[in-house]
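Predicted model, so just to flag it, every value in this text is computed and none were measured. Computed from heavy atoms alone, side chains included, the values below leave out hydrogens, waters and symmetry copies.
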Amino acid sequence: MVTFTGLGDGLEHVAVQFGPIADVPLVRLHSECLTGDVFGSARCDCGPQLTESMQLLAASGGVLLYLRQEGRGIGLYNKLDAYRLQDQGLDTFAANRELNFSDDLRDYRSAAQMLQSLGVTRIRLHTNNPDKAAQLASYGIEVVEQVRTGIFRNENNDHYLRAKAEYGGHSIELVEGTA
(Lines give C-alpha, C1' and ligand atoms only; values in the text may rest on other atoms or scores of the structure.)
Protein backbone atom coordinates (compact mmCIF):
# COMPACT_ATOMS: atom_id res chain seq x y z
CA MET A 1 0.00 0.00 0.00
CA VAL A 2 1.17 3.48 -0.83
CA THR A 3 -0.06 6.52 1.07
CA PHE A 4 0.07 10.12 -0.11
CA THR A 5 0.30 13.57 1.43
CA GLY A 6 -0.36 16.89 -0.25
CA LEU A 7 -3.05 15.69 -2.66
CA GLY A 8 -5.26 18.41 -4.11
CA ASP A 9 -8.36 17.41 -2.16
CA GLY A 10 -6.56 16.83 1.16
CA LEU A 11 -8.16 13.40 1.65
CA GLU A 12 -6.47 10.14 2.67
CA HIS A 13 -6.52 7.97 -0.45
CA VAL A 14 -4.34 4.87 -0.88
CA ALA A 15 -2.86 2.99 -3.80
CA VAL A 16 -2.51 -0.77 -3.66
CA GLN A 17 0.20 -1.90 -6.04
CA PHE A 18 0.03 -5.45 -7.34
CA GLY A 19 3.54 -6.42 -8.50
CA PRO A 20 5.89 -4.24 -10.52
CA ILE A 21 4.17 -1.45 -12.44
CA ALA A 22 4.07 -2.14 -16.18
CA ASP A 23 4.57 0.52 -18.85
CA VAL A 24 0.79 0.69 -19.30
CA PRO A 25 -0.66 -0.83 -16.13
CA LEU A 26 -4.21 -1.89 -15.45
CA VAL A 27 -5.68 0.62 -12.97
CA ARG A 28 -8.91 0.61 -11.00
CA LEU A 29 -10.20 3.84 -9.45
CA HIS A 30 -12.56 2.64 -6.74
CA SER A 31 -14.58 5.10 -4.71
CA GLU A 32 -15.06 4.08 -1.11
CA CYS A 33 -18.41 2.45 -0.37
CA LEU A 34 -18.71 1.40 3.26
CA THR A 35 -22.11 -0.19 2.74
CA GLY A 36 -21.05 -2.25 -0.28
CA ASP A 37 -17.32 -2.81 0.28
CA VAL A 38 -17.49 -3.66 3.98
CA PHE A 39 -21.06 -4.60 4.84
CA GLY A 40 -21.91 -6.37 1.57
CA SER A 41 -24.93 -4.28 0.64
CA ALA A 42 -26.74 -5.75 -2.37
CA ARG A 43 -28.28 -2.39 -3.35
CA CYS A 44 -25.12 -1.39 -5.27
CA ASP A 45 -22.41 -3.20 -7.23
CA CYS A 46 -19.43 -1.67 -5.42
CA GLY A 47 -18.35 -4.66 -3.33
CA PRO A 48 -18.43 -7.13 -6.23
CA GLN A 49 -16.59 -4.64 -8.49
CA LEU A 50 -13.88 -4.19 -5.85
CA THR A 51 -13.51 -7.95 -5.44
CA GLU A 52 -13.37 -8.47 -9.22
CA SER A 53 -10.74 -5.75 -9.60
CA MET A 54 -8.56 -7.08 -6.81
CA GLN A 55 -8.68 -10.59 -8.28
CA LEU A 56 -7.81 -9.29 -11.75
CA LEU A 57 -5.00 -7.08 -10.43
CA ALA A 58 -3.61 -9.90 -8.28
CA ALA A 59 -3.48 -12.13 -11.37
CA SER A 60 -2.13 -9.62 -13.89
CA GLY A 61 -0.56 -6.80 -11.86
CA GLY A 62 -1.54 -3.16 -11.74
CA VAL A 63 -2.75 -0.53 -9.31
CA LEU A 64 -5.92 -0.08 -7.28
CA LEU A 65 -6.60 3.48 -6.17
CA TYR A 66 -9.00 3.40 -3.23
CA LEU A 67 -10.53 6.87 -3.13
CA ARG A 68 -12.29 8.40 -0.14
CA GLN A 69 -15.32 9.61 -2.12
CA GLU A 70 -18.23 7.92 -0.38
CA GLY A 71 -21.60 8.25 -2.08
CA ARG A 72 -20.24 9.86 -5.28
CA GLY A 73 -18.61 12.46 -3.09
CA ILE A 74 -21.55 13.41 -0.83
CA GLY A 75 -20.25 11.52 2.22
CA LEU A 76 -21.55 8.59 4.23
CA TYR A 77 -24.28 10.34 6.21
CA ASN A 78 -25.73 12.04 3.14
CA LYS A 79 -25.54 8.74 1.26
CA LEU A 80 -27.59 7.10 4.00
CA ASP A 81 -30.14 9.93 3.68
CA ALA A 82 -30.18 9.28 -0.08
CA TYR A 83 -30.86 5.58 0.62
CA ARG A 84 -33.97 6.61 2.57
CA LEU A 85 -35.16 8.62 -0.44
CA GLN A 86 -34.39 5.70 -2.75
CA ASP A 87 -36.58 3.51 -0.52
CA GLN A 88 -39.37 5.99 -1.31
CA GLY A 89 -38.90 5.44 -5.06
CA LEU A 90 -36.26 7.93 -6.17
CA ASP A 91 -33.27 6.67 -8.15
CA THR A 92 -29.75 7.31 -6.85
CA PHE A 93 -29.29 10.49 -8.92
CA ALA A 94 -32.73 11.95 -8.10
CA ALA A 95 -32.09 11.27 -4.41
CA ASN A 96 -28.82 13.22 -4.56
CA ARG A 97 -30.59 16.10 -6.29
CA GLU A 98 -33.36 16.03 -3.67
CA LEU A 99 -30.61 16.51 -1.07
CA ASN A 100 -29.29 19.49 -3.10
CA PHE A 101 -26.23 17.69 -4.48
CA SER A 102 -25.14 17.22 -8.07
CA ASP A 103 -25.43 13.77 -9.60
CA ASP A 104 -21.73 13.13 -9.01
CA LEU A 105 -19.34 15.32 -7.02
CA ARG A 106 -16.26 13.16 -7.55
CA ASP A 107 -13.13 14.80 -8.92
CA TYR A 108 -10.30 12.53 -10.04
CA ARG A 109 -7.49 15.10 -9.85
CA SER A 110 -6.07 13.38 -6.76
CA ALA A 111 -6.18 10.03 -8.59
CA ALA A 112 -4.14 11.56 -11.40
CA GLN A 113 -1.70 13.01 -8.86
CA MET A 114 -1.34 9.59 -7.24
CA LEU A 115 -0.63 7.91 -10.58
CA GLN A 116 1.86 10.59 -11.57
CA SER A 117 3.70 10.21 -8.26
CA LEU A 118 3.98 6.48 -9.02
CA GLY A 119 5.47 7.37 -12.42
CA VAL A 120 2.35 6.32 -14.32
CA THR A 121 1.03 8.50 -17.15
CA ARG A 122 -0.53 5.85 -19.47
CA ILE A 123 -3.03 3.29 -18.21
CA ARG A 124 -5.61 0.67 -19.02
CA LEU A 125 -8.60 1.72 -16.89
CA HIS A 126 -10.86 -0.91 -15.32
CA THR A 127 -14.26 0.83 -15.26
CA ASN A 128 -17.67 1.23 -16.86
CA ASN A 129 -17.68 4.96 -16.04
CA PRO A 130 -16.54 7.14 -18.97
CA ASP A 131 -16.28 10.19 -16.67
CA LYS A 132 -13.28 8.61 -14.93
CA ALA A 133 -11.43 8.28 -18.24
CA ALA A 134 -12.36 11.81 -19.33
CA GLN A 135 -11.29 13.39 -16.05
CA LEU A 136 -8.01 11.46 -15.93
CA ALA A 137 -7.25 12.58 -19.48
CA SER A 138 -7.94 16.20 -18.51
CA TYR A 139 -5.37 15.82 -15.70
CA GLY A 140 -2.66 14.39 -17.97
CA ILE A 141 -3.21 10.62 -17.69
CA GLU A 142 -3.60 8.87 -21.05
CA VAL A 143 -6.26 6.15 -20.95
CA VAL A 144 -5.06 3.73 -23.62
CA GLU A 145 -7.90 1.27 -23.06
CA GLN A 146 -11.05 1.08 -20.98
CA VAL A 147 -11.53 -2.45 -19.61
CA ARG A 148 -15.14 -2.92 -18.56
CA THR A 149 -16.06 -4.42 -15.22
CA GLY A 150 -18.54 -7.22 -14.84
CA ILE A 151 -22.23 -6.53 -14.35
CA PHE A 152 -23.19 -7.59 -10.85
CA ARG A 153 -26.96 -7.28 -11.15
CA ASN A 154 -29.47 -8.58 -8.62
CA GLU A 155 -33.04 -7.79 -7.66
CA ASN A 156 -31.85 -5.25 -5.07
CA ASN A 157 -29.62 -3.18 -7.38
CA ASP A 158 -31.49 -3.37 -10.69
CA HIS A 159 -32.97 0.15 -10.28
CA TYR A 160 -29.53 1.49 -9.26
CA LEU A 161 -27.77 -0.04 -12.29
CA ARG A 162 -30.46 1.24 -14.65
CA ALA A 163 -29.97 4.76 -13.26
CA LYS A 164 -26.18 4.49 -13.65
CA ALA A 165 -26.62 3.46 -17.28
CA GLU A 166 -29.30 6.05 -18.10
CA TYR A 167 -28.20 9.12 -16.15
CA GLY A 168 -24.58 8.37 -15.28
CA GLY A 169 -23.51 7.35 -18.78
CA HIS A 170 -22.00 4.09 -17.54
CA SER A 171 -21.28 1.38 -20.12
CA ILE A 172 -23.64 -1.20 -18.66
CA GLU A 173 -25.54 -3.63 -20.85
CA LEU A 174 -28.64 -4.70 -18.96
CA VAL A 175 -30.29 -7.67 -20.60
CA GLU A 176 -33.96 -7.99 -19.71
CA GLY A 177 -34.89 -10.92 -17.52
CA THR A 178 -31.45 -11.34 -15.93
CA ALA A 179 -32.06 -9.58 -12.60
Side-chain angles (χ1 to χ4, degrees), residues 1-80 92 104-154 157 160-161 164 168 170-172:
M1 290 188 129
V2 180
T3 61
F4 302 85
T5 58
L7 295 173
D9 61 11
L11 298 176
E12 294 180 330
H13 309 293
V14 297
V16 182
Q17 185 176 323
F18 293 82
I21 296 179
D23 289 337
V24 184
L26 182 64
V27 173
R28 167 74 182 166
L29 275 58
H30 188 85
S31 295
E32 174 182 45
C33 177
L34 181 69
T35 54
D37 297 345
V38 176
F39 297 119
S41 173
R43 65 190 302 157
C44 67
D45 58 346
C46 301
Q49 281 187 349
L50 179 60
T51 299
E52 175 193 48
S53 291
M54 288 180 43
Q55 290 170 345
L56 184 60
L57 291 165
S60 66
V63 180
L64 167 72
L65 300 183
Y66 196 82
L67 306 171
R68 306 300 303 269
Q69 301 176 330
E70 185 78 47
R72 282 192 207 88
I74 67 172
L76 177 60
Y77 293 169
N78 289 319
K79 177 177 139 179
L80 295 175
T92 184
D104 195 334
L105 296 175
R106 293 175 294 182
D107 183 320
Y108 298 107
R109 176 176 50 145
S110 289
Q113 291 172 328
M114 293 165 72
L115 290 169
Q116 289 161 345
S117 74
L118 294 171
V120 175
T121 57
R122 300 178 72 230
I123 65 170
R124 296 170 49 239
L125 184 61
H126 191 220
T127 188
N128 294 331
N129 184 349
D131 185 49
K132 289 180 181 179
Q135 283 198 44
L136 285 175
S138 75
Y139 293 125
I141 302 296
E142 180 184 353
V143 178
V144 174
E145 179 185 7
Q146 193 168 318
V147 180
R148 292 168 63 169
T149 67
I151 306 301
F152 303 98
R153 186 175 179 194
N154 63 57
N157 71 10
Y160 170 79
L161 292 176
K164 279 175 59 170
H170 290 234
S171 302
I172 301 173

*Ignoring hydrogens and angles, tell me if any N or O in the side chain of Gln113 forms a donor-acceptor pair with the backbone of Gly8 under 3.5 Å.*
yes

*Would you name the heavy atoms of Leu29 and Ala111 that are closest together and state the gap between them?*
CD2-CB, 3.8 Å

*Taking all non-hydrogen atoms of both residues into account, name the closest pair between Gln69 and Tyr108 and its distance.*
OE1-CE2, 3.6 Å

*Taking all non-hydrogen atoms of both residues, which atom of Leu57 and which atom of Phe18 are closest, and how far apart?*
O-CB, 3.4 Å

*Go through the structure and list residues passing salt bridge (Lys or Arg N to Asp or Glu O under 4.0 Å) with Lys132, not counting sequence neighbours.*
none

*asked:* If I take atom CG from residue Leu67 and atom SG from residue Cys33, how far apart are they, to the nearest 0.5 angstrom?
replied: 13.0 Å

*Closest non-hydrogen atom pair, Ser110 against Leu7*: OG-CB, 3.7 Å

_Heavy-atom side-chain proximity of Thr127 to Arg28 below 4.5 angstrom_ = yes

*Taking only residues two or more places apart in sequence, or in another chain, which ones meet His30 in a ring pair (Phe, Tyr, Trp, His ring centres under 6.0 Å)?*
Tyr66

_Closest heavy-atom pair and its distance - Val120, Ile141_ = O-CD1, 3.4 Å

*About how many Å separate CG of Leu11 and NE2 of His13, when rounded to the nearest 0.5 Å?*
4.5 Å

*Determine whether more than 12 heavy atoms belonging to other residues, nucleotides or ligands lie under 6.0 Å from atom CD of Glu12.*
no

_Against Ile123, only a single residue in Leu26, Val63, Val144, Leu136 fulfils side chain to side chain contact (heavy atoms under 4.5 Å, CB included); can you say which?_
Leu136

*Report the distance from atom CZ of Arg106 to atom CG of Asn129, rounding to the nearest 0.5 Å.*
5.5 Å

*Nearest-0.5 Å distance that lies between atom OG in Ser31 and atom CD in Glu70*: 9.0 Å

*Report the distance from atom CZ of Arg68 to atom CG of Leu76, rounding to the nearest 0.5 Å.*
10.0 Å

*Do side-chain atoms of Gln135 reach the backbone of Ala112 as a donor and acceptor pair under 3.5 angstrom?*
no

*Is the backbone of Val2 close enough, under 3.5 Å, to the side chain of Gln17 for a donor and an acceptor to pair up by distance?*
no

*asked:* Using modelled atom types and a 3.5 Å cut-off, is there a donor and acceptor pairing between side-chain atoms of Ser117 and backbone atoms of Met114?
replied: yes

*Atom CG of Leu56 and atom NE2 of His126: how far apart are they, to the nearest 0.5 Å?*
5.5 Å

*asked:* Contact between Leu34 and Lys79 at the side-chain level, heavy atoms closer than 4.5 Å - yes or no?
replied: no

